[in-house]
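A short write-up of the structure that comes next.
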Amino acid sequence: MSENVLEQCVLELFKIGVVKFGSFTLKSGMQSPVYFDLRMIISYPSVMETVADLIWKARPRSDYQLMCGVAYTGLPIATLISAKQNLPMVLRRKEAKGYGTKKMVEGNYKEGQNCLIVEDVIVSGGSLYETVETLIEIGLEVHDAVVFLDREHGGYNNLGALGVNVFPVLTMAELMRILLKHKQVSQDTHNTVLAHIASNRNTSIIKKEKSASRQGVGVMDRKNCSFESRMEITNHPLARRLLQIMTSKRTNLCLAADVTSAHQLLSFANQLGPHICLLKTHVDLLDDFTADVAQQLSDLSEKHNFLLFEDRKYGDIGSTVAQQYSGGAHRVVEWAHLVTAHALPGPGIIKGLTSAVGDRERGCVLVSQMSSEGALTSQEYIKGCNSLAANHTHFVIGFVSQSSVSDDPRFLLLTPGVKLAGAGDGLGQQYVSPRAAVLERSADVVIVGRGITEAEDLVSAAITYKEHAFSAYEERVAASSS
Ligand code: 5BU
C-alpha cells in the first residue's frame with residue numbers, strides 16, 4: 001500500500017470526524033488531548049473499505065484459517081475482510097450468555113486453527129488481550145493481531161510480552177505527522193499530542209487471573225504482592241514513586257503532622273523525613289502558611305525522599321474543587337503531590353481536580369472509609385469509590401480505608417487511626433496498632449499522628465512505628481508465598 005493511500009485515508013478519517021482534539025478521558029482513565037473514534041466509519045462504507053484493505057495488508061503472513069474482530073469496531077472491519085478474502089470469522093462475545101449455551105465464541109472452528117485478530121485501536125492492549133485469552137482457551141492458535149492505530153501507550157510491548165505480535169497500520173506519531181504535513185493541525189496541537197505520547201508510553205495491562213496464569217504467574221492480590229512488584233502494574237507515576245520510596249527506604253509510615261505553626265511542621269518534616277514515605281499535612285491548621293513554607297516543604301521532600309500529602313478531603317462539585325485546589329491561601333496543587341478527596345460528588349470530583357493539575361504530576365487518594373466512631377461510609381459507598389478509582393487510574397492512587405476495600409494491586413490502602421497505646425481520643429478517633437492495621441486491616445501505609453507527635457522522643461517513636469509497620473508488611477507478603 002503506497003504512502004499516498006495511507007495519507008489519503010488519514011485525511012478522509014480526519015474529515016469525517018474520526019480524529020478529535022480537546023480533552024478526553026480514555027477508558028483507562030487516562031486524560032488525553034486526542035481521541036481517535038473509528039466507530040464513525042460504519043457511516044462511510046468506502047472509508048471503511050479502505051481501512052479494511054489497509055489492515056489486511058498489514059498482516060505479516062497469509063496462512064490464517066480464521067479471523068476474529070474485537071468488539072465492537074473490529075467486528076465490521078473483520079466482516080468486510082472476511083467476505084472479500086473468503087476467510088472465515090469467529091466472534092467473541094463481550095459478555096457470556098446468562099444460561100443455556102455459555103458459549104463465548106460464535107462460529108465454527110477447530111482446535112489448533114490459526115486465528116488472526118483485527119482491532120481498531122490499541123492503548124494498553126488490555127481489551128485485545130481479553131479476546132485473545134478466550135480464543136486460546138477454546139484451543140485456537142493466536143499469535144498475530146493487526147490494528148489500525150497504535151496509540152503508542154505500551155500496548156505493542158505489553159502484547160508482545162504475552163506472545164501476541166501487533167502489526168499496526170499507523171502509529172499516533174505518524175498520524176500527527178500526516179495531519180501536520182497537510183496543514184490539518186497546528187504545530188502546537190502536533191507537539192501537545194507528541195508530548196502526551198512521550199509521557200504515557202508505558203501503561204500496563206492489569207494482569208487478570210487468566211493472563212497471569214498463561215505466564216505461569218499466580219493471581220495478583222494486592223495483599224500478597226511486594227511493593228516492588230506492584231510498581232510494574234500501577235498506571236500512576238506517583239503510585240510507582242511511592243512504592244519505590246517504600247521499597248528503598250523500607251518504610252510504609254506516613255506521618256500526620258497536625259500542627260499549628262510552620263516552624264513546627266518544618267521541624268517535624270526535617271527530623272522525621274528519613275523514616276517516612278509520606279508527610280500528611282492539614283496546612284489549613286497553620287497560622288502562618290506562606291508560599292515560602294510550601295517551598296521549604298518541597299525542598300525537604302526532595303532532601304529526604306518522601307511525598308507531600310495534603311489531607312484536604314475535597315468533596316464539592318468539580319468547578320468548586322478546581323478553585324479550592326488551585327487557589328485560596330494554600331495553592332495546594334502547586335506543592336502537594338497527593339490530596340485526599342471524597343467520592344461523594346461522583347466523577348466530577350476527579351474532573352474538577354484534574355482540571356487544575358496542568359502538567360504537574362499529581363494524584364488523589366479517595367476516602368473510602370473513616371477511622372472515626374460511627375462513620376457513615378456504607379458498603380455501597382465503598383463500591384462506588386472502587387469504581388470511581390478503577391475508571392480514573394491516572395489520577396487515583398488508592399484509598400483511605402479501615403479494611404481491605406480493594407485487592408487491586410494498582411491501588412494503595414492508607415490507614416489512619418494508628419497508635420501503639422490507647423483506644424481513642426475521646427472525640428471519636430479509634431485506634432489500632434500498626435501491626436493490626438497491616439495484618440488485619442490490610443493497610444499498605446499506616447498513618448500515625450499523635451502516636452509520634454506527642455511522644456517525648458519523636459525520632460525513636462517514628463522508628464518504632466516504622467519498624468512495626470514494615471515488618472508486618474514483610475510478614476504479610478512472606479505468608480502468602482510460603
Ligand atoms: P492521629 O493523631 O494519629 O489520630 O491523626 C490521624 C490523622 O489522620 C489526622 O490528621 C486525621 O485528620 C486523619 N484521618 C483520620 O484520623 N481518620 C480518617 O478516617 C481520615 C483521616 Br480519612
Side-chain angles (χ1 to χ4, degrees), residues 251-261 264-265 268-269 272 275-286 289 297 306-315 321 330 332 336 338-345 349 353 363-378 381-382 384-386 388-389 396-406 411-438 441-456 458 461-462 464-466 468-469:
T251 179
N252 52 344
L253 174 63
C254 166
L255 174 71
D258 297 346
V259 293
T260 51
S261 89
Q264 206 177 7
L265 176 60
F268 280 173
L272 304 180
H275 306 292
I276 60 178
C277 58
L278 281 171
L279 176 69
K280 189 174 83 61
T281 52
H282 282 296
V283 294
D284 47 356
L285 300 179
L286 297 180
F289 180 87
L297 281 174
F306 59 77
L307 300 184
L308 297 171
F309 177 27
E310 168 67 11
D311 189 5
R312 191 59 64 96
K313 300 187 184 68
Y314 293 102
V321 296
H330 303 131
V332 173
L338 298 168
V339 293
T340 41
H342 289 297
L344 211 55
I349 186 86
L353 290 172
C364 90
V365 178
L366 292 175
V367 178
S368 175
Q369 291 175 310
M370 290 197 67
S371 59
S372 43
E373 203 178 344
L376 300 176
T377 49
S378 65
Y381 179 74
I382 293 168
C385 283
N386 283 350
L388 192 63
V396 180
I397 71 140
F399 308 98
V400 179
S401 62
Q402 292 294 319
S403 65
S404 186
V405 294
S406 169
F411 297 124
L412 285 124
L413 263 51
L414 284 63
T415 300
V418 175
K419 208 171 184 201
L420 277 164
D425 64 359
L427 291 175
Q429 177 67 302
Q430 308 177 103
Y431 288 117
V432 292
S433 70
R435 277 185 67 77
V438 174
R441 303 194 171 200
S442 181
D444 294 315
V445 173
V446 297
I447 301 177
V448 183
R450 286 163 287 184
I452 295 173
T453 57
E454 291 180 356
E456 277 190 16
L458 282 182
T464 304
Y465 277 97
K466 168 178 85 167
H468 280 235

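Keep in mind it's a predicted model, so treat the numbers as computed, not measured. Read the numbers this way: they start at 1 and go in the same order the structure lists the ligands and their atoms.
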Quick one: pull up [atom1] in [X] and [atom2] in [Y] and give me the separation to the nearest 0.5 Å.
X	Y	atom1	atom2	value
F306	L272	CZ	CG	9.0 Å
Q369	S378	CD	OG	10.0 Å
T464	L253	OG1	CG	10.5 Å

Candidate pair S371 and Q430, rule side-chain hydrogen bond (donor to acceptor under 3.5 Å, both in side chains), full reasoning
CA-CA 6 Å; S371 59; Q430 308 177 103; over 6 Å; no

Return the closest protein heavy atom for [atom] as residue, atom name and distance.
atom	result
atom 13 (C) of ligand 1	K280 NZ, 3.4 Å
atom 3 (O) of ligand 1	G449 N, 2.8 Å
atom 17 (N) of ligand 1	S371 OG, 2.7 Å
atom 4 (O) of ligand 1	Y431 OH, 2.7 Å
atom 20 (C) of ligand 1	P416 CG, 3.7 Å
atom 9 (C) of ligand 1	D258 OD2, 3.2 Å

Relative to ligand 1, is [X] under 4.0 angstrom through side chain, backbone, both or neither, heavy atoms considered?
X	result
K313	side chain
D311	side chain
Q429	side chain

Quick note on ligand 1: atoms under 4.0 Å from a heavy atom of V400 include exactly 22 (Br)

Minimum distance, heavy atoms only, to atom 2 (O) of ligand 1: which one of H282, Q369, R450 is it?
R450

Are T281 and E310 linked by a side-chain donor-acceptor pair shorter than 3.5 Å?
yes

Could you check whether any side-chain heavy atom of R312 comes within less than 4.5 Å of a side-chain heavy atom of H330, counting everything from C-beta outward?
yes

Over 12 foreign heavy atoms within 6.0 Å of CD, Q264
yes

Y381 and A343: which non-hydrogen atoms are nearest, and at how many Å?
OH-N, 2.9 Å

